[in-house]
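If you're wondering where the values come from, they're calculated on a predicted model, not measured in any experiment. Worth knowing before you read on, the calculation uses all heavy atoms, side chains too, and leaves out hydrogens, waters and symmetry mates. Chain naming here is simple, since letters A, B, ... match the order of the sequence lines and numbering starts at 1 in each.
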Amino acid sequence: MDPARFTQVDPFTWRIEPTGAMRVPAIIYADEALIQGMDEKVHLQASNVASLPGIVGASYAMPDAHWGYGFPIGGVAAFDADHGGIVSAGGVGFDISCGVRTMLTGIPVEDLKRVAHGLAQALYRDIPAGVGSESTISLDDIEMDDMLRGGARWAVDRGWGEERDLERIEENGRMAGARPEFVSNRAKERQRREMGTLGSGNHYLEVQAIDEIYDPEAARIFGLQVGEVVVTIHCGSRGLGHQIGSDFLLEMVGAAKEAGIILPDKELACAPINSDAGRRYIGAMRAGINCALANREILGHFTRRIFRHFFPGNELMLLFDVSHNTCKVEEHEVDGRLRSLHVHRKGATRALGPGHPDLPDALKAVGQPVLIGGSMGTNSYVLAGLATSEEKSFSSACHGAGRALSRHAAAKQWGGRQVVEELARRGIIICSPSMRGVAEEAPGAYKDVGAVVVAAEKAGLARRVAKLSPLVCIKG
DNA sequence: ATGTCC
């Protein structure tokens with residue numbers, strides 16, 4: 001995008017003044033190079049979101065923002081129910097509660113490398129990955145509803161996780177207010193055999209080395225040490241979340257019309273928070289959040305089992321589990337007044353600063369771990385929340401590198417085998433059921449995640465704590 | 001993202 005289309009507030013803040021139907025400004029956090037490389041559609045989509053009823057503050061886009069369905073991916077927007085605020089399925093995203101968890105192994109990189117090939121094979125064999133992948137777990141109707149109400153808490157109670165994980169998961173592992181009765185039977189049917197599966201696209205399980213520490217005090221509290229290994233899992237609510245999104249997108253087109261909301265783009269379909277469709281979506285979406293939390297907890301459990309086979313007695317400690325596709329009710333200070341807002345984060349990570357009451361005691365001094373997934377074969381980062389992000393982005397930060405090339409363009413440019421071989425030469429083991437998928441996820445198809453996290457840090461959204469590099473990647 | 005178009 002042409003930087004001249006913005007009012008530059010500071011080197012990392014770019015503002016679109018309200019024009020036409022926009023009720024508030026749109027604000028993008030990025031450096032000039034990221035703005036120049038950013039999808040043209042982000043300007044339009046962030047402006048469109050700013051026109052929706054009840055929006056508070058501004059429509060925000062993170063440094064990794066790119067074109068999405070209606071709302072940009074990397075978008076943050078908060079709405080006030082008492083001022084006609086809306087909720088939008090497209091503002092959450094199709095993969096409800098897609099997110100990242102990182103687990104600490106305490107294993108030195110040298111020890112891991114000795115068993116890397118066997119470990120990769122075992123992970124690939126036991127972690128179902130790819131489109132339509134199914135696990136050995138099958139849920140009947142009662143179990144399904146228990147899972148949708150209980151999230152990771154349910155998984156722990158069923159023996160697929162550990163009690164102490166829960167305080168390291170957003171919402172302590174269980175999203176309150178979930179309403180399984182508002183989730184369609186079709187959505188539940190799709191999920192019946194998909195618990196504990198990775199899915200496809202940009203989802204992965206990665207064994208990573210801690211390469212560099214930027215903030216020694218935060219790293220110490222997070223338990224991150226250079227030369228040790230961590231495991232990061234990126235996935236979401238699989239078929240169930242996707243079906244909830246599809247069901248309600250359709251319904252919200254009608255709901256918006258009924259409420260007299262003029263949509264600049266049909267993909268912004270939404271419903272007033274205080275409406276039947278709005279309330280039902282929120283209840284169903286929260287059930288979708290629990291599905292994703294349970295899914296990542298089960299995947300963590302499978303991972304522990306495999307690691308213990310190679311490293312007897314090893315305990316994988318959960319650093320944190322955080323979503324980047326949600327709509328959550330949160331208290332935020334706006335113009336000196338505390339307001340209850342429905343905060344949509346679509347491809348944006350919650351990033352609570354130090355001292356936030358929702359953080360576990362052990363993390364209060366440094367702030368929330370903000371887990372930034374790189375693309376396959378590139379670095380990932382662990383950031384920590386900053387107090388400044390509260391007023392800048394309703395306590396949100398970026399979520400990953402963001403695509404530079406479309407899936408189609410990437411598949412035209414590279415072959416899957418070629419990508420696997422090139423990464424193997426750099427000592428990175430890739431296992432995937434889909435060579436087409438590997439080509440689409442080639443490192444060159446993504447922006448530089450390093451530039452994204454520096455921009456997030458300089459903009460005051462979150463600060464860098466550690467850099468991770470991949471050793472083994474199980475790719476969906 | 002997604003039983004990648006019921």
[X] [atom1] to [N] [atom2], straight-line distance once rounded to whole Å:
X	N	atom1	atom2	answer
Y69(A)	dT4(B)	OH	P	17 Å
R186(A)	dC6(B)	CZ	P	7 Å
E134(A)	dT2(B)	CD	P	14 Å
F94(A)	dC5(B)	CZ	P	11 Å
H242(A)	dC5(B)	NE2	P	9 Å
D247(A)	dT2(B)	CG	P	16 Å
L249(A)	dT2(B)	CG	P	16 Å

Item to check | Residue whose nearest DNA chain B nucleotide is more 5′ - S434(A) or E441(A) | outcome: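 Of the two residues, E441(A) wins.
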Indicate, with a heavy-atom threshold strictly under 4.0 Å, whether [X] touches base, sugar-phosphate, or nothing.
X	value
G199(A)	sugar-phosphate
S246(A)	nothing
G201(A)	sugar-phosphate

Checklist entry - Between R238(A) and dT2(B), is there a side-chain N or O to OP1/OP2 distance below 4.0 Å? => result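 Indeed, a polar side-chain atom of R238(A) lies that close.
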Checklist entry - Is the charged tip of R403(A) near the ring of Y446(A): under 6.0 Å from the six-membered ring centre and within 45° of its axis? => result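 Satisfied, under 6.0 Å and within 45°.
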Next on the checklist: With a 6.0 Å cut-off (strictly less than), is the heavy-atom count around CZ of R5(A), excluding the residue itself, greater than 12?
Outcome noted: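 Result for CZ/R5(A): enclosed.
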Checklist entry - When you check the side-chain N and O atoms of T102(A) and T232(A), is any donor under 3.5 Å from an acceptor? => result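 Yes, a side-chain donor-acceptor pair sits under 3.5 Å.
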Item to check | Any donor-acceptor pair under 3.5 Å from S389(A) side chain to A351(A) backbone | outcome: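 Confirmed, S389(A) side chain pairs with A351(A) backbone.
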